[in-house]
Amino acid sequence: MISEQVLTALVSAFAMGFLGSTHCIGMCGGLTVALNTGTAKEKSLRLSFTYQIFRVFSYGILGALVGGFGYLFSKWTNFPVLIVLGGIMLIMMGFYLLSWQNLLIYFESIGRKLWKKVSPVQSRFLPIKKFHQAAVVGLLWGLLPCGLVYSTLAMASTSGTALGGFASMVAFGLGTLPAMFAIGVFSNRLVNFFRNPKVRAVFGLVFILWGSFYIYQAVSKYSSGQGGHQHHQMQREVQTEMHHDH
């Protein structure tokens, strides 16, 4: 039986992927269309499905890594640092979509250094003609520097386990799948739609509100629950020591 907390995390991750398709299509849409250029339609469908599924799986691997890290990190502090960080990343994503401030560029710049080493490897499997090429390209695609992926990884790190992180990032990847698969198979019209400033503005505001609520909820629970409990416990310890002194 899936707990309510886990179910909420999975639904949230899927929603991030689905709503974040605005960013995914704008950033990767052209690449998706290019990968299917010059390939017979029936084969293009199978190849597109293959590398998209392996892309989702690569997100899951990254999620397992950050989920394990989150578990270790939670042993060091009771304050929901990772949850607050995830909320901040969501807000930053909203700012990016609204073209207010691209703060995520600092995180993406780190990813670009890794991508410079990975990109030549990926290019060896292009153009995609066979299924093993599609699988490798999909796996490596998960390392493409992307602020939305980093934001979701920050959220997945709060899952508490490697399995939870894996499931969260797979849910996120599945959320991006409909839009990414659609442009890979049909046309690049969706790219132009999601690049529309009004569409980006709507989703940008959603991310800002979502991130703000996420931070508020985490801090509120800590203050009224665990944090408050620790405060009262410290008060009792001080009162006990004073009583012994007297």
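Computation of the quantities below employed the complete heavy-atom set of this structure, encompassing side-chain atoms and omitting hydrogens, waters and symmetry-equivalent molecules.
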| request: Drop me the distance from Ile83's CD1 to Gln217's CD, to the nearest 0.5 angstrom. | output: 8.5 Å
| message | If the condition is side-chain contact (heavy atoms from CB on, under 4.5 Å), which residues does Val84 pass it with, not counting sequence neighbours? | response | Phe79, Ile88, Ile215, Val219
| request: Report whether Ile208 and Val199 are members of the same hydrophobic cluster (ILVMFWY, side-chain heavy atoms less than 4.5 Å apart, transitive linking). | output: yes
| field | Gap between atom CD of Gln122 and atom CG of Leu144 - 0.5 Å precision | value | 8.0 Å
| said: Is there a path of hydrophobic side-chain contacts, each under 4.5 Å between heavy atoms, that joins Tyr214 and Leu205? | reply: yes
| field | Gap between atom OG1 of Thr161 and atom OH of Tyr71 - 0.5 Å precision | value | 10.0 Å
| task | Without swapping roles, check the side chain of Ser151 against the backbone of Met89 for a donor-acceptor pair under 3.5 Å. | result | yes
| task | Using atom types as modelled and distance alone, determine if a side-chain donor or acceptor of Gln52 lies under 3.5 Å from a backbone N or O of Phe49. | result | no
| request: For the pair Thr158 (side chain) and Met155 (backbone), establish whether a donor and an acceptor sit closer than 3.5 Å, ignoring hydrogens and angles. | output: yes
| In terms of ring plane angle, is the pair Trp141 and Tyr51 parallel, tilted or perpendicular, where the classes change at 30° and 60°? | tilted
| field | Minimum-distance pair of heavy atoms, taken over all atoms of Pro145 and Gly111 | value | CB-C, 3.9 Å
| task | Quick one: do Phe57 and Phe166 satisfy side chain to side chain contact (heavy atoms under 4.5 Å, CB included)? Show the steps, please. | result | CA-CA 9 Å; Phe57 183 69; Phe166 177 86; 4.0 Å; yes
| request: Identify whether Tyr216 and Met16 are in the same connected component of the hydrophobic contact network (ILVMFWY, side-chain heavy atoms under 4.5 Å). | output: no
| query | Quick check, are the ring centers of Phe213 and Trp210 under 6.0 angstrom apart? | reply | no
| field | pair Val136-Val121: side-chain heavy atoms closer than 4.5 Å | value | no
| field | Ile61-Leu72 co-clustered via ILVMFWY side chain contacts under 4.5 Å | value | no
| field | Spatial distance of atom CD1 (Ile91) from atom CZ (Phe207) [nearest 0.5 Å] | value | 12.0 Å
| message | Would you say Phe73 ends up clustered with Val66 if hydrophobic residues are merged whenever their side chains have heavy atoms under 4.5 Å apart, either directly or through other cluster members? | response | yes
| field | Separation of Trp115 CH2 from Lys117 NZ (nearest 0.5 Å) | value | 14.5 Å
| query | Between Met169 and Val56, is a side chain to side chain contact (heavy atoms under 4.5 Å, CB included) present by the stated rule, with each step listed? | reply | CA-CA 8 Å; Met169 289 305 296; Val56 172; over 6 Å; no
| Side-chain heavy atoms of Ile110 within contact of Leu114, under 4.5 Å | no
| request: Ignoring hydrogens and angles, tell me if any N or O in the side chain of Ser123 forms a donor-acceptor pair with the backbone of Pro120 under 3.5 Å. | output: yes
| task | Give the intermediate values and the outcome of side chain to side chain contact (heavy atoms under 4.5 Å, CB included) for residues Val170 and Tyr59. | result | CA-CA 6 Å; Val170 167; Tyr59 291 155; over 6 Å; no
| said: Under a 3.5 Å distance rule, please check whether Ser159 uses its side chain to pair with a backbone N or O of Ala156 as donor and acceptor. | reply: yes
| task | Drop me the distance from Leu90's CG to Leu85's CG, to the nearest 0.5 angstrom. | result | 10.0 Å
| remark: Shortest non-hydrogen pair, Leu47 vs Ala134, comes out as O-CB, 3.8 Å
| Residues which pass side-chain contact (heavy atoms from CB on, under 4.5 Å) with Ala13, listed by chain and number, not counting sequence neighbours | Ser168, Ala171, Phe172
